[in-house]
S.K.: 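Next up is a structure, given as structure tokens.
Atom set for the values below is all heavy atoms of this structure, side chains included, hydrogens, waters and symmetry mates excluded.
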Amino acid sequence: MTFIKKIHILLSALSLAAAAPATLSAQNNFQLVEESMSNSDNTPAPVYPVPSDRQLKWNETEFYAFFHYGMNTYTNQEWGTGMERETVFAPTQKPDPKQWLEVAKKAHMKGGIAVVKHHDGFCLWPTATTEHCTRNSSGYGKDVDIPKDFADAARELNMKYGFYVSPWDLSSPYWGKKDSNGNYTDEYARLVFLPQCAELAQYGKDQFEMWFDGATGGDYAGGYGSYTTSEKRTIDNSQTYYDIPNLRDSIHNLLPDVVMWGVGDEVRWIGNENGYSGQTCWSMGDGETGSEYAWMWAAGESDARSTKGWFWDSNLDNEVKTAETLFKMYLETVGRNATLLLNLPPNRAGLIDDSVAEQMEALGDLLDKRLGTDLAKSATVTADCTREAMGNGNYEARNLIDGNKDTYWATPDGSKKAVIELKWDTPQTVRYVSLMEYIKLGQRIKKFKIETSEDGVTFTKRGGNQATTTVGYKRIIPLNGSTAEYSTDGYMAKAIRITIENSRSCPLLHTIEVF
């Protein structure tokens, strides 16, 4: 019996039962029993969509590094052709992924994603799927295993790690191949792409992200082996061609905490590569702002460069961004409910260049100085309405400053507005306010404002023209209204007032920080 037929019979039976007279129901001992779900802790109902456990863990990573390294590093190209000889991959010394991650850690990044196969198809490990890999390189490049060294280093440094593997492969004769009837064959997915992903999964079950670039075909298709640059190949539907449903299921079975960027419908591209998200930014929908009305949880990731190109180019001035520029980028991504994936390209020695490393250390210093001392911890916090504590439930305002992401403040059902105040005995110099929603039960806040008071009585609105709309995982508001200009004087405040003016349902916040 088919599934559809079973559903039809079940619905017919339910209809007949509803139409039957009461005496018939009684004779057959049918009874309607009212049941209510227990909520002894008075926990707020979720506002859908809500994130999965792996999406929550990913969001908590906040700030992590991209490492574009490979064949292109040695050809000074952003996109290769797939026709490069394996011996062109020739590091001047043994590449050191541990040094990459150490540089990232100094900038307070929590992890990194290593590019181990770009569009040219060259694999930075001795894969069984192709000869176009480090097995056939020479010197310091021969048999290099970047995924292994990277994973080992991340675990040693207590950092998260993941891999970028390009679905598009200019080196493979199977990519975009058609049979005699003009239909795509399954050879590339079956023999190359899916096995490569499975190989990478074996480098550790603790991977947090697998990154799949959406580039496919473009204006040219190079070649290695059986086809040349004069032959153009494209594919019609990447989901079908790459067997994405099978890929998602297989990788999630192997890597329970990994999110799959680009194919997994778990996180989204923020819509630009310039290091900013929308000031209004929902964790659902698409692009810089997302959508309040989208039905799938997909928080935004902003991938951006610390240098001019994605790959290190030894012929160019790589125009390393300053720590000040990167701090602004941090405020406009992490501070706007997105994560920041910042590229640090290793050079031909297989190291992060000193010019980049210096700015990463300086960025870490800025984050320490400007967002390192939380003044809220010494404040007294109150709210004008608080959800009733029942059972093990506790929704008091003091949860906002206890440093525990699993405790939160909440209002009663139906209360979509609230006022929270933080007060100090003596005025504090304040520059930023950070808010974090308890997104485990959904994103809620739609509009809020922040005010400061020097005397604890008279309040002045802060934040300039910042759009104080959404909060989400994290929202950092510069009180002077500028993400580009650090307020050296700040504002003297004996009190800060946060007014939630509108919310999809009763608002939930787990942390307020003041810097």
Side-chain angles (χ1 to χ4, degrees), residues 36-51 56 279-285 290-295 297 299 336-337 376 379-423 433-453 456-457 459-463 466-477 495-514:
S36 60
M37 298 297 292
S38 174
N39 187 13
S40 59
D41 295 338
N42 196 25
T43 305
V47 175
Y48 292 100
V50 298
L56 279 170
Q279 293 189 47
T280 296
C281 187
W282 292 97
S283 294
M284 308 86 77
S291 171
E292 174 188 353
Y293 306 104
W295 65 281
W297 188 273
R336 292 180 180 173
N337 191 37
T380 299
V381 59
T382 60
D384 69 342
C385 63
T386 299
R387 191 178 192 85
E388 181 182 1
M390 296 173 60
N392 294 319
N394 169 20
Y395 311 104
E396 297 296 324
R398 64 175 176 270
N399 294 339
L400 293 165
I401 59 172
D402 67 359
N404 186 347
K405 67 181 181 181
D406 295 318
T407 64
Y408 56 95
W409 159 85
T411 66
D413 290 334
S415 298
K416 298 182 179 182
K417 299 180 180 181
V419 178
I420 302 165
E421 287 193 7
L422 295 93
K423 295 182 178 179
V433 170
S434 173
L435 308 175
M436 300 181 74
E437 284 190 79
Y438 189 71
I439 59 171
K440 189 173 183 178
L441 295 177
Q443 186 177 353
R444 300 165 181 250
I445 295 174
K446 300 171 63 172
K447 186 179 181 183
F448 66 98
K449 67 178 178 180
I450 298 175
E451 301 167 287
T452 66
S453 173
V457 178
F459 285 83
T460 303
K461 184 179 179 299
R462 301 298 182 191
Q466 292 285 311
T468 50
T469 47
T470 50
V471 173
Y473 171 79
K474 179 177 283 188
R475 184 70 193 278
I476 303 173
I477 297 295
I496 290 179
R497 176 186 292 164
I498 300 159
T499 302
I500 298 172
E501 299 178 296
N502 195 9
S503 185
R504 297 170 71 206
S505 185
C506 57
L508 317 179
L509 289 171
H510 73 73
T511 298
I512 294 177
E513 295 173 309
V514 178

S.K.: Can you name the nearest heavy-atom pair linking Pro44 to Leu441, along with the distance?
M.R.: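 It is O-CD1, 3.7 Å.
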S.K.: Who pairs with Thr468 by side-chain contact (heavy atoms from CB on, under 4.5 Å), at least two apart in sequence or on another chain?
M.R.: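 In terms of side-chain contact (heavy atoms from CB on, under 4.5 Å), with neighbours along the sequence ignored, Thr468 is linked to Phe448, Ile477.
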S.K.: Taking everything shown except Asn392 itself, do over 12 heavy atoms lie less than 6.0 Å from its CG?
M.R.: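 Open: at most 12 neighbouring heavy atoms sit under 6.0 Å from CG of Asn392.
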S.K.: Check whether any side-chain heavy atom of Val433 sits under 4.5 Å from a side-chain heavy atom of Ile496, and report yes or no.
M.R.: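 Answer yes - side chains close enough.
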S.K.: Hey, what do you get for OG1 (Thr469) to CG (Asn337), rounding to the nearest 0.5 Å?
M.R.: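 The OG1 atom of Thr469 sits 10.0 Å away from the CG atom of Asn337.
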S.K.: For Lys405, enumerate each residue passing the salt bridge (charged side-chain N to carboxylate O under 4.0 Å, His left out) test, keeping only those at least two apart in sequence or located in another chain.
M.R.: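 Salt bridge (charged side-chain N to carboxylate O under 4.0 Å, His left out) list for Lys405, sorted by chain: Glu60.
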S.K.: Do Pro507 and Trp409 have side chains that approach each other closer than 4.5 Å (heavy atoms only, starting at C-beta)?
M.R.: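 They are in contact (side-chain heavy atoms under 4.5 Å apart), so the answer is yes.
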S.K.: Write down the atom of Glu437, the atom of His510, and the distance for their closest heavy-atom approach.
M.R.: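 Heavy atoms of Glu437 and His510 come nearest at O-CD2, 3.3 Å.
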S.K.: If the condition is salt bridge (charged side-chain N to carboxylate O under 4.0 Å, His left out), which residues does Glu292 pass it with, not counting sequence neighbours?
M.R.: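 Lys446.
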S.K.: If you look at every heavy atom in Trp297 and Ser283, which pair is closest and at what distance?
M.R.: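 Heavy-atom minimum between the residues: CZ2-CB, 3.4 Å.
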S.K.: Quick check for you: to the nearest 0.5 Å, what is the distance between Lys461 atom NZ and Thr452 atom OG1?
M.R.: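 It comes to 11.0 Å.
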S.K.: Is a side-chain donor or acceptor of Ser291 paired with a backbone partner of Tyr293 at a separation under 3.5 angstrom?
M.R.: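 Answer holds: yes.
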S.K.: Look up atom CZ in Arg504 and atom OG1 in Thr470, then write down how far apart they are to the nearest 0.5 Å.
M.R.: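 One finds 11.5 Å between CZ of Arg504 and OG1 of Thr470.
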S.K.: Which atom names give the shortest non-hydrogen contact between Arg444 and Trp282, and what distance separates them?
M.R.: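 Of all heavy-atom pairs spanning Arg444 and Trp282, the closest is O-CH2, 4.2 Å.
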S.K.: Flag the pair Ser434 / Arg475 as yes when at least one side-chain heavy-atom distance between them is below 4.5 Å, and no otherwise.
M.R.: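 Heavy-atom side-chain distance check fails, nothing below 4.5 Å.
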S.K.: Looking at every heavy atom in both Pro49 and Ala294, which two are closest together, and how far apart are they?
M.R.: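 Closest heavy-atom pair between Pro49 and Ala294: CD-O, 3.6 Å.
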S.K.: Distance from Leu508 atom CG to Thr411 atom OG1, nearest 0.5 Å?
M.R.: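 Here the rounded value is 7.0 Å.
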S.K.: Answer whether the closest heavy-atom distance between the side chains of Asp41 and Met390 falls below 4.5 Å.
M.R.: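 A side-chain contact under 4.5 Å is absent here.
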S.K.: Between Ile512 and Ile498, does a side-chain contact (heavy atoms from CB on, under 4.5 Å) hold up when you go through it step by step?
M.R.: CA-CA 10 Å; Ile512 294 177; Ile498 300 159; 3.6 Å; yes
S.K.: Do Tyr395 and Thr43 have side-chain heavy atoms sitting under 4.5 Å apart?
M.R.: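 They are in side-chain contact.
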S.K.: Just to verify, what does Asp413 make a salt bridge (charged side-chain N to carboxylate O under 4.0 Å, His left out) with, not counting sequence neighbours?
M.R.: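 Asp413: salt bridge (charged side-chain N to carboxylate O under 4.0 Å, His left out) contacts with Arg387.
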S.K.: Would you give me the side-chain donor-acceptor pairs under 3.5 Å for residues 414-421, sequence neighbours excluded?
M.R.:
from: Glu421; atom 1: OE2; to: Arg497; atom 2: NE; distance (Å): 3.1
from: Glu421; atom 1: OE2; to: Arg497; atom 2: NH2; distance (Å): 3.2

S.K.: What closest approach, in Å, do Asp402 and Asn404 show between heavy atoms, and which atom pair accounts for it?
M.R.: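 Closest approach of Asp402 to Asn404: OD1-N, 2.9 Å.
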S.K.: Out of curiosity, Arg462 CZ to Ser453 OG, how far, rounded to the nearest 0.5 Å?
M.R.: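 One finds 9.5 Å between CZ of Arg462 and OG of Ser453.
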S.K.: State which residues pass side-chain contact (heavy atoms from CB on, under 4.5 Å) with Ala376; sequence neighbours excluded, sorted by chain then number.
M.R.: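 So Ala376 forms a side-chain contact (heavy atoms from CB on, under 4.5 Å) with Asp374, Ile401, Leu422, Val514.
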S.K.: Roughly how far, to the nearest 0.5 Å, is CD1 of Ile439 from CG of Leu509?
M.R.: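 Taking CG in Leu509 and CD1 in Ile439, the distance rounds to 12.0 Å.
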